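Below: one structure, written as structure tokens.
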Amino acid sequence: MSKSEIDRVTAEFYGAFDNRGGKPADVERIRRLVLPQGVIVCTAPTFAAYSVEEFVVPREQLLSGGRLVEFSEWETSEDTRIEGDLASRFGTYRKSGVLDGEHYDGTGTKTLQFVRTPDGWRIAALSWYDHP
């Protein structure tokens with residue numbers, strides 16, 4: 001049961017950025033999926049560490065302001081390890097969209113750290129690396 005729940009949370013996380021077909025991205029759900037004290041880190045192309053709010057706000061603007069449209073991101077492989085109320089997921093992803101009128105796509109690697117809370121599995125930390 002835990003693995004399927006973690007799969008669901010992961011799919012919800014990736015789906016939060018989807019604005020294909022003119023539908024609004026639901027970046028707000030990141031605030032529900034990631035613990036309020038969670039840490040979010042990008043290692044490449046530029047290193048940056050974010051709080052949940054520092055991560056969410058610019059993505060809300062980017063995905064709802066018309067600069068990045070027809071965007072989606074999806075997991076292409078994963079390896080999940082669960083030990084009691086802790087889980088770690090290492091995976092690869094693809095992304096595609098139209099940024100400032102130009103086709104945009106890429107690949108990367110993400111690692112997500114999960115904890116089981118009274119409300120179910122939540123993301124405690126995540127890091128990603130966009131492949132060049």
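For clarity, every value in this text was computed on a predicted model and none was experimentally measured.
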Modelled atom types, side-chain donor and acceptor of R89 and T80, under 3.5 Å: yes
Distance-only side-chain donor-acceptor flag, Y104 / K95, under 3.5 Å: yes
Side-chain donor-acceptor pair present, T92, T109, cut-off under 3.5 Å: no
Flag side-chain contact, heavy atom, 4.5 Å: R31 against R29: no
Enclosure of E53 CD (heavy-atom neighbours >12, cutoff 6.0 Å): yes
Polar side chain donor-acceptor pair, T111 to S127, under 3.5 angstrom: no
For the student: nearest non-hydrogen atoms of I40 and S51, plus distance: CD1-O, 4.5 Å
T117 side chain reached by W121 side chain, heavy atoms, under 4.5 Å: no
Cation-pi check, R59 onto Y50 ring (under 6.0 Å, within 45° of axis): yes
N-O pairing of E78 and K110 below 4.0 Å: no
Sole residue of D26, L33, D7, I30 in side chain to side chain contact (heavy atoms under 4.5 Å, CB included) with E12: L33
Intermediate values then yes/no, side chain to side chain contact (heavy atoms under 4.5 Å, CB included), D85 and F114: CA-CA 8 Å; D85 293 334; F114 295 88; over 6 Å; no
